[in-house]
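This report concerns only the one structure given below.
All values reported here derive from a predicted model rather than from experimental measurement.
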Amino acid sequence: MDLVKNPFLLTLCLEALPDAVKGKSDLSRLRVTRVQLYDSFTQHWLGVNKRRLEEHRLREGKLLAFEWLLEDGFESNGIKFQQNLAAAIFREQEGRPIVVYTPRRYRDSWKAMFFGLAHDISLLRDASLLSRVGAQYRFTTDSRDEFAPHPLSNSNDIRNRPLSQRNLVPKPSIIQFLAERVQLDPGFKQRLLIFIEQSKTDVHAACAAANAITILVKAGVSFNEADLRAIRIPGADLSGGHFGLAQLQEADLTGVDLTKSCIRLADLSEARMEGVQFGELPFLKEASSVKSTAYSPDGKSLAVGLGNGIINIYDTATWTRTTHRLLGHRKEVSAFAYSSSGQKLLSGSDDYTVRLWTSQAGSIDFTMHGHLGSVEAVAFSPLGGQVAPASGDMTPILLMVCGSLLEMALACCSFGSQQLENQQNIGKAIRPRKHGRNHATMGREPGLMLRCGPLQINCVAISPDGRRIALAGYSDFIKIWSVEAGVAEVTLRGHTNNIGAVIFSPNSQWIASGSWDNTVRLWCARSGTPGLVLSGHNNGIITLAFSPCGQQVVSGSEDGTVRVWEVSTGESRVDVDVGLRIPAMAVTHMPTGVHVALRRFTTEDVDLWSEESVEAVHSLKNGLGVDIATFSACGQWIATGVGTSVWLWRMYLRDSVQEWICIQNIRGFLEGVESIAWRPGALEFVTGTRAGSVQTWELVEESNGRFSARSVWSSGYSVFVATDAVVVSAVGLSAMNQRLLKQRGAKDGSSSS
């Protein structure tokens, strides 16, 4: 709707939308881009002017030129005329939109090709989207230049191409406009890829290649597994890009922006990386938990208080620890304050003391005793002459001139308020609010978005026929959405506690839901009519699965049991009884029977059970606590979420005995993996993390028969990812960036990596 805020764009929309939506039945899901509007409007404009000229009585010279243009295609010649003009403006005037032309002064310049007196030029110019004020011409657009026709050139010399004339990276509006062109025009995308390929052997293609790859990345083009060896793209903006397993050996990446990009398993050996930006700094590794931090007033130092009572001071220019370690507190350092001059540092601790330090020397000036509880906050007066510590023990705050006791103030501090007589703005405590996600997005690419209001989604199921989506949150109801209409059709109500699991039957006709009210309910997926209520568990339902025929549903509960229910009668049997509560479970129903993967509270391993077994038949040794485990549809694979990694296990049969072997550990998730879902009928799965990122992975069989997981799509990275990237002999990496890459799991050939 922002496009109709000025008269020109309002006209453009009204004229172009009929053509842009022609043949589309579902307008609610239609995405109309600026490129589409401009293209449609240009065609419409040229068509109107062609009809005007046909009805107008032209003089003999112009009439002959007009007939030639009609034979050759008036609209196509008009579009080519405008593209060539845009390219010339871009090349000759560095993109300045206004062209000044008078025949006498400029008849021998490039401008005469577009503004001369030749009949064909005059006809095409008058029919184009150009406005004229005296001797000044410009494209008829709003004040921004992003709607001007995209410049193209057929010149064989890369230096004459518009993308070689100017660095477009600082022009986000132009980049975005051309990115939309990529999404609509496969030919344009291919030409940009050619520029990148040409840069491998032609140093003059570097500017065009940097612009091209920036446009492609912003258009969402993935470069996973791409052969980008020796490309030259200095200054390119690759932020948010996908370069997993890419070959970037000897590439010129000088000044490239890789913020929030993924170079997982990419090879950057001997790449030029001077001035590369990752958008992040390396973290500071401490031997104890960090309890408090404070910057000096000039920002040149950072004080870090640790749980073991030690205070470390860092130089922010190099992020290295200074030689001074402030030792004295016996328990964690809970509060900091620098004086306005930065020469003094005040610290409060759980050892009930307040200490004043000379920050540069690392020496202690005095220690104040007297509090009966942990010191929660400390503050300097604006001039630095007084300090005020505050404790949660409800004792008075002491005011001191630095180094000597001044007076006792009639004030107290508690967790809920802080008041100080004749002093204001001593401090303020803010507790961060937790925000739940309240929408779900369908697709590999951004597509249908379901807006769920305040509902925090924790269960999502898609019907096998792809027509419906079931969503449940931390509530006792389920909403069924139509994928085609993008609206909620039915709300399923009946449970009396939060929903723990939702699943569709194989024929998409039934929905099974499990709740923390200890029941499983069956529903008609189309009408929402309630079916059987399946009771028998003694605790909440945490997982569900249908049998391949859809006649049975399997439920797993935190009570440690797995039940198999007959859909037609509601009868059930207990297949697995662990005998104790469990925090995580996955079930699958295959022709060979029910298989269960579960983790007990008392162990970090995942136990595998088969139907009616009295004990676990196998254990998956993950080494750390497992947060989630899921079976593939074929039952031959298990993916386990272990903190910030995903472990992939494959089942082998040896002498009719199942054996599960870990074939890969996918590392590098900077936030915990909270959800994993396998795609039916394919060796693909999706991971979701606590940070909000979603990734699709594909299991690929290598030439040696081994399988490996490769990232094929991501909703976007919240941080820079460099797990297992190779940066051996990379040129020009700063010490700071080298440290960041090591922390993110990159390999530089040293023994410590």
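Residues His119 and Ala65 come closest through the heavy atom pair CB-CB, 3.7 Å. Contact record, Ile196 with Ala212: CG1-CB, 4.1 Å, taken as the closest heavy-atom pair. The minimum heavy-atom distance between Ala206 and Pro234, with the atom names listed, is CB-CD, 4.0 Å. What you find for Gly255 and Gln277 is that their closest heavy atoms are O-NE2, 4.0 Å. Pairing each heavy atom of Ala236 with each of Ala210, the nearest pair is CB-O, 3.8 Å. Here the closest non-hydrogen pair linking Ala722 and Leu741 is CB-CD2, 4.1 Å.
Rounding to the nearest 0.5 Å gives a distance of 4.5 Å between CG of Leu216 and CZ of Phe223. One finds the CG atom of Leu253 at 7.5 Å from the CG atom of Leu238 (value rounded to the nearest 0.5 Å). Remark: Leu268 CG to Met273 CE distance equals 5.0 Å, nearest 0.5 Å. Rounding to the nearest 0.5 Å places CG of Leu248 at 8.5 Å from CD1 of Ile263. The line from CZ of Phe139 to CG of Leu129 is 8.0 Å long, rounded to the nearest 0.5 Å. With rounding to the nearest 0.5 Å, the separation of NZ in Lys200 from CG in Leu228 is 6.5 Å.
Residue pairs meeting the salt bridge (charged side-chain N to carboxylate O under 4.0 Å, His left out) criterion with at least one partner in residues 235-251, sequence neighbours excluded, are Lys218-Asp237. Identified under the salt bridge (charged side-chain N to carboxylate O under 4.0 Å, His left out) test for residues 726-739, with sequence neighbours left out: none. Residue pairs that meet the ring-ring contact (aromatic ring centres under 6.0 Å, His included) test with at least one member in residues 253-276, sequence neighbours left out, do not exist here.
Remark: side-chain polar atoms of Glu270 are not paired, donor with acceptor, to backbone N or O of Val728 under 3.5 angstrom. Side-chain N or O atoms of Ser122 include none that pairs as donor or acceptor with a backbone N or O of Ala118 at under 3.5 Å. Side-chain N or O atoms of Asn224 include one that pairs as donor or acceptor with a backbone N or O of Gly244 at under 3.5 Å. A side-chain donor-acceptor contact under 3.5 Å links Asn211 to the backbone of Leu163. Side chain of Arg232 to main chain of Ala251: no donor-acceptor pair is present (N/O by atom type, distance under 3.5 Å, no hydrogens or angles). At distances below 3.5 Å, at least one donor-acceptor pair connects side-chain atoms of Ser261 with backbone N or O atoms of Leu258. Without hydrogens or angle criteria, Ser463 side chain to Arg468 main chain gives a donor-acceptor distance under 3.5 Å. Ser269 places no side-chain N or O within 3.5 Å of a backbone atom of Val727 that could act as its donor or acceptor partner. Using a distance-only test at 3.5 Å, with no hydrogens or angles considered, a donor-acceptor pair links the side chain of Asn737 to the main chain of Val276. The closest donor-acceptor contact from the side chain of Arg272 to the backbone of Glu274 lies at 3.5 Å or more, if one exists at all.
Side-chain contact between Arg264 and Asp724 is absent, with no heavy-atom pair separated by less than 4.5 Å. Looking at Thr214 and Leu168, their side chains never come closer than 4.5 Å, going by heavy atoms from C-beta outward. The closest side-chain heavy-atom distance from Leu64 to Arg59 is not below 4.5 Å. Residues Thr259 and Phe720 fail the side-chain proximity criterion, which asks for heavy atoms closer than 4.5 Å. Two residues are said to be in side-chain contact when any heavy atoms from C-beta on lie closer than 4.5 Å; Tyr137 and Arg125 meet this criterion. Side-chain contact between Phe115 and Thr102 is absent, with no heavy-atom pair separated by less than 4.5 Å. Side chains of Leu281 and Met736 form a contact here, defined as non-hydrogen atoms less than 4.5 Å apart. At a threshold of 4.5 Å between non-hydrogen side-chain atoms, the residues Phe195 and Ile213 do not count as touching.
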Distance-only donor-acceptor hits, side chain of residues 105-114, under 3.5 Å, sequence neighbours excluded:
from, atom 1, to, atom 2, distance (Å)
Ser109, OG, Tyr106, O, 2.8
Ser109, OG, Lys111, N, 3.2
Lys111, NZ, Val100, O, 2.8

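The 12-atom threshold is not exceeded at CZ of Arg467, counting heavy atoms of other residues, nucleotides or ligands nearer than 6.0 Å. When the shell of 6.0 Å around NZ of Lys189 is examined, it contains 12 or fewer heavy atoms from other residues, nucleotides or ligands.
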Residue pair Leu178, Leu192: steps toward the side chain to side chain contact (heavy atoms under 4.5 Å, CB included) verdict: CA-CA 11 Å; Leu178 296 176; Leu192 295 179; over 6 Å; no
message: Assess the residue pair Val700 and Arg710 against the criterion (side chain to side chain contact (heavy atoms under 4.5 Å, CB included)); give the C-alpha distance rounded to whole Å, side-chain angles, the decisive distance to 0.1 Å, and a yes or no.
response: CA-CA 7 Å; Val700 179; Arg710 299 182 182 179; 4.0 Å; yes
task: Apply side chain to side chain contact (heavy atoms under 4.5 Å, CB included) to Arg166 and Lys171, showing your working.
output: CA-CA 10 Å; Arg166 182 182 178 193; Lys171 300 289 185 180; 2.8 Å; yes
query: How far apart are the C-alpha atoms of Trp697 and Glu684, what are their side-chain angles, what is the distance that settles it, and do they pass the side chain to side chain contact (heavy atoms under 4.5 Å, CB included) test?
result: CA-CA 6 Å; Trp697 303 83; Glu684 294 183 11; over 6 Å; no
message: Under the criterion side-chain hydrogen bond (donor to acceptor under 3.5 Å, both in side chains), I'd like the reasoning laid out for Gln249 against Asp267: C-alpha separation, chi angles, the key distance, then a yes or no.
response: CA-CA 6 Å; Gln249 301 96 314; Asp267 191 343; 3.3 Å; yes
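Only one option out of Leu46, Leu69, Leu130 pairs with Leu124 in a side-chain contact (heavy atoms from CB on, under 4.5 Å); it is Leu69. If you run ring pair (Phe, Tyr, Trp, His ring centres under 6.0 Å) between Phe74 and each of Trp68, Phe66, Phe81, Trp45, only Phe66 comes through. For the side-chain hydrogen bond (donor to acceptor under 3.5 Å, both in side chains) test with Glu75, the passing option among Lys80, Gln43, Lys50 is Lys50; the others fail.
For Glu67, there are no salt bridge (charged side-chain N to carboxylate O under 4.0 Å, His left out) partners, not counting sequence neighbours. Shown here are the side chain to side chain donor-acceptor pair (under 3.5 Å) partners of Gln743, two or more places apart in sequence or in another chain: there are none.
Note on Glu55 versus Arg52: no salt bridge recorded, every NZ/NE/NH1/NH2 to OD/OE distance being 4.0 Å or above. Taking a cutoff of 4.0 Å between a charged side-chain nitrogen and a carboxylate oxygen, Lys260 and Glu280 do not qualify as a salt bridge.
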